[in-house]
Protein chains: 2
Amino acid sequence: MKRIKVSNNVIRRLPRYLRKLDELKASGVSRISSFNLGQQLGLTPSQIRQDFSCFGEFGQQGYGYNVSALRDEIASILGMDRGFKAILVGVGNIGHALMDNFCFSEWGFTLAAAFDIDPAIVGTTTNGVTVRSMDELLDYLAGNQIDVAVLTVPKEAASAVAKLLCDNGIRAIWNFTNVELTEPNSTTIVENIHFSDSLLSLGYYVAERYDEEAAHAARLERMEKAREQ
Amino acid sequence: MKRIKVSNNVIRRLPRYLRKLDELKASGVSRISSFNLGQQLGLTPSQIRQDFSCFGEFGQQGYGYNVSALRDEIASILGMDRGFKAILVGVGNIGHALMDNFCFSEWGFTLAAAFDIDPAIVGTTTNGVTVRSMDELLDYLAGNQIDVAVLTVPKEAASAVAKLLCDNGIRAIWNFTNVELTEPNSTTIVENIHFSDSLLSLGYYVAERYDEEAAHAARLERMEKAREQ
DNA sequence: TTCATTCTGTTATAATTATAACATATGGGG
DNA sequence: CCCCATATGTTATAATTATAACAGAATGAA
């Protein structure tokens with residue numbers, strides 16, 4: 001049983017470990033040290049060992065970690081072997097793209113159903129999942145054990161739909177709408193994909209880079225002027 | 001001129017501030033205190049004041065912050081007024097969905113061009129942007145000042161295309177492929193959108209929730225048994 | 001105008017997170 | 001079988017990040 005609280009920073013590194021381990025496994029590497037893994041991920045060996053030690057002792061002194069076994073441990077920690085069930089609400093552009101393109105099963109999830117309010121969309125099938133009417137949502141939730149709702153409705157509807165979902169037993173929301181879902185039941189788990197937030201932080205670093213270059217150029221120019229005198 | 005290095009945590013909160021301030025502005029709120037803003041975002045007033053103080057003095061003692069002015073300051077810090085130019089490489093499912101749906105201009109960016117390797121896609125137009133052949137990429141980069149590349153190629157191609165972009169002047173990559181881009185030039189700015197990482201960390205918290213509930217149920221059962229004796 | 005109240009910017013403190021150090025266990029070579 | 005090199009798990013230390021405390025400026029009511 002888990003005892004100590006594991007920090008969110010650690011949790012967010014786990015999927016990266018998983019990805020790298022899958023890659024190593026695919027390329028035939030069967031053992032790896034924290035030092036080597038750290039180099040490949042840009043992390044210190046200390047951090048890697050401490051991250052893993054939150055969950056148990058997965059390595060062997062003098063040998064390192066077994067890639068395949070470690071991969072499976074992390075997959076299990078992340079719940080990939082629990083068969084979580086998801087529904088998708090809002091089959092617009094992004095919702096449809098997710099249904100069409102994102103492989104839920106690759107990550108241990110099942111996309112069990114999708115819902116939309118638009119009669120023109122209801123009844124269409126993508127990747128084996130047929131879109132149902134929002135009218136069926138509550139009945140469906142009552143009759144099926146669903147873990148996660150993928151929220152891809154227009155942002156105007158986001159808050160209301162999120163509340164509806166939480167009030168009817170959904171405990172985790174994968175939020176693709178560009179709004180803060182602080183309102184729903186405080187026990188609800190919310191994970192955001194905020195495209196614009198991501199692009200804007202990128203923008204900050206690009207701007208910083210330009211400023212640094214401009215400052216550098218100005219410095220050179222001053223030196224040039226000083227030399228002329 | 002910026003002097004002290006601002007932490008990444010602070011930068012990642014800026015877009016959230018921006019979003020909330022836009023929302024407040026839209027609903028007619030013209031002034032706000034750090035206390036009030038903190039409540040709405042789930043942050044402490046201290047943290048908010050310290051975040052802002054990294055960039056200047058935007059508030060007024062005894063009054064608070066002017067919503068509109070603060071919003072513009074943050075937008076400027078994030079580079080929204082610099083007219084950054086982006087290209088998109090790889091017009092598959094997600095690439096096309098971004099072109100179709102994501103409003104670059106809303107965040108101060110211009111999507112100047114898109115590229116794909118598939119002749120069936122080259123020449124098509126989405127949202128005013130016509131897809132060009134990858135053969136034109138290098139010439140285009142040489143002839144145009146581009147700041148950001150949106151990387152939406154299949155993951156097998158990701159590393160190679162990223163390297164190509166970096167070697168030809170691109171200094172920032174908005175990476176939608178499910179690979180770590182640690183390889184490219186170390187000076188390149190990389191911002192990742194890893195759908196699977198996001199879903200997996202959500203999975204961790206869902207699993208944790210289930211474990212806690214199971215532990216709680218077990219505790220209740222033990223108490224029940226103890227009472228029976 | 002005066003004064004209590006509000007609320008900032010900043011400094012000080014606490015808490016968290018990452019890094020380094022170390023003691024110990026394992027594997028493999030001679 | 002013994003010993004060295006390797007590499008873990010853990011404890012100790014450093015660095016970072018968040019929170020709290022505070023001094024002072026502006027507001028608004030009387």
Side-chain angles (χ1 to χ4, degrees), chain A residues 2-17 20-21 24 29-74 77 182 201 204-205, chain B residues 2-17 20-21 24 29-74 77 182 201 204-205:
Chain A
K2 267 174 228 140
R3 282 266 146 261
I4 58 146
K5 168 82 183 157
V6 178
S7 104
N8 187 42
N9 291 12
V10 176
I11 304 309
R12 302 212 159 264
R13 279 190 291 269
L14 294 181
R16 292 184 60 207
Y17 293 137
K20 179 53 79 176
L21 289 166
L24 288 167
V29 178
S30 66
R31 70 184 257 197
I32 193 158
S33 67
S34 59
F35 183 85
N36 194 334
L37 187 58
Q39 278 196 318
Q40 299 197 39
L41 287 167
L43 304 171
T44 64
S46 277
Q47 182 161 66
I48 288 179
R49 292 203 298 276
Q50 209 161 54
D51 282 356
F52 294 163
S53 76
C54 295
F55 304 100
E57 306 189 1
F58 303 143
Q60 203 172 6
Q61 291 181 339
Y63 177 88
Y65 299 91
N66 178 297
V67 168
S68 181
L70 180 58
R71 185 261 172 218
D72 290 346
E73 288 285 358
I74 293 176
I77 293 165
T182 42
S201 17
Y204 172 84
Y205 289 109
Chain B
K2 270 174 226 140
R3 281 265 147 262
I4 57 145
K5 167 83 184 159
V6 178
S7 103
N8 187 41
N9 291 12
V10 176
I11 304 309
R12 303 213 156 261
R13 280 190 291 269
L14 294 180
R16 292 184 60 206
Y17 293 137
K20 178 54 77 177
L21 290 166
L24 288 167
V29 179
S30 67
R31 70 183 257 197
I32 194 158
S33 67
S34 58
F35 182 85
N36 195 333
L37 188 56
Q39 277 195 320
Q40 299 197 39
L41 287 167
L43 303 171
T44 63
S46 277
Q47 182 161 67
I48 289 179
R49 292 204 298 277
Q50 208 161 55
D51 282 357
F52 294 164
S53 76
C54 294
F55 304 101
E57 307 190 1
F58 304 143
Q60 203 171 3
Q61 291 180 339
Y63 176 89
Y65 299 90
N66 178 297
V67 169
S68 181
L70 180 57
R71 184 263 172 218
D72 290 346
E73 288 284 358
I74 293 175
I77 292 165
T182 42
S201 20
Y204 172 84
Y205 288 108

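To find a chain, count down the sequence lines: A is the first, B the second, and so on, and within it residues start at 1.
For the pair R31(A) CZ and dG27(C) P, the interatomic distance rounds to 9 Å; values are reported in whole Å. The distance from atom CZ of R49(A) to atom P of dT19(C) is 12 Å, rounded to the nearest whole Å. Here the P atom of nucleotide dA18(D) and the CZ atom of R13(B) are 4 Å apart, to the nearest Å. In this structure, the CD1 atom of I32(B) is 17 Å from the P atom of dT6(C), given to the nearest Å. Distance CD (E57(A)) to C1' (dT26(C)): 14 Å, rounded to an integer number of Å. Taking atom CD of residue Q47(A) and atom C1' of nucleotide dT16(C), one finds them 13 Å apart after rounding to whole Å. L70(A) has its CG atom 14 Å from the C1' atom of dG9(D), to the nearest Å. What separates CG of L37(A) from C1' of dA7(D) is a distance of 13 Å, to the nearest Å.
Ring orientation note: the planes of Y204(B) and F55(A) are nearly perpendicular, at an angle over 60° on the 30°/60° scale.
Closest to the S34(A) side chain, of the nucleotides dT17(C), dG27(C), dT8(D), is dT8(D).
Taken to the nearest 0.5 Å, the NZ atom of K20(A) stands 13.5 Å off from the CG atom of L70(A).
For Y65(B), a side-chain nitrogen or oxygen approaches OP1 or OP2 of dG9(C) to under 4.0 Å. The side chain of Y63(A) contributes no N or O atom lying less than 4.0 Å from OP1 or OP2 of dT24(C). Between N9(A) and the phosphate of dT16(C), there is no side-chain N or O to OP1/OP2 separation shorter than 4.0 Å.
Across all strands, F35(A) comes closer than 4.0 Å to no nucleic acid atom at all (heavy-atom distances). Contact annotation for F52(A): no contact, since no heavy-atom pair falls under 4.0 Å across all strands.
Projected onto DNA chain C by closest heavy-atom contact, N8(A) and Q50(B) fall at different nucleotides, the more 5' of which corresponds to Q50(B). Checking T44(A) against G62(A), the closest nucleotide of DNA chain C that is more toward the 5' end is the one next to T44(A).
The number of heavy atoms from other shown groups lying within 6.0 Å of OH (Y63(B)) is above 12.
Below the 3.5 angstrom threshold, one finds a donor paired with an acceptor across the side chain of S46(B) and the base of dA20(D). No donor-acceptor contact under 3.5 Å links the side chain of Q61(A) to the base of dT26(C).
Sorted by first and then second residue, the salt bridge (charged side-chain N to carboxylate O under 4.0 Å, His left out) pairs with a member in residues 42-53 of chain B read R13(B)-D51(B); sequence neighbours excluded.
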>> Checking Y205(B) against N8(A) for the side chain to side chain donor-acceptor pair (under 3.5 Å) test, could you report, in this order, the C-alpha distance in whole Å, the side-chain angles of both residues, the deciding distance, and whether it holds?
In response: CA-CA 10 Å; Y205(B) 288 108; N8(A) 187 42; 2.8 Å; yes
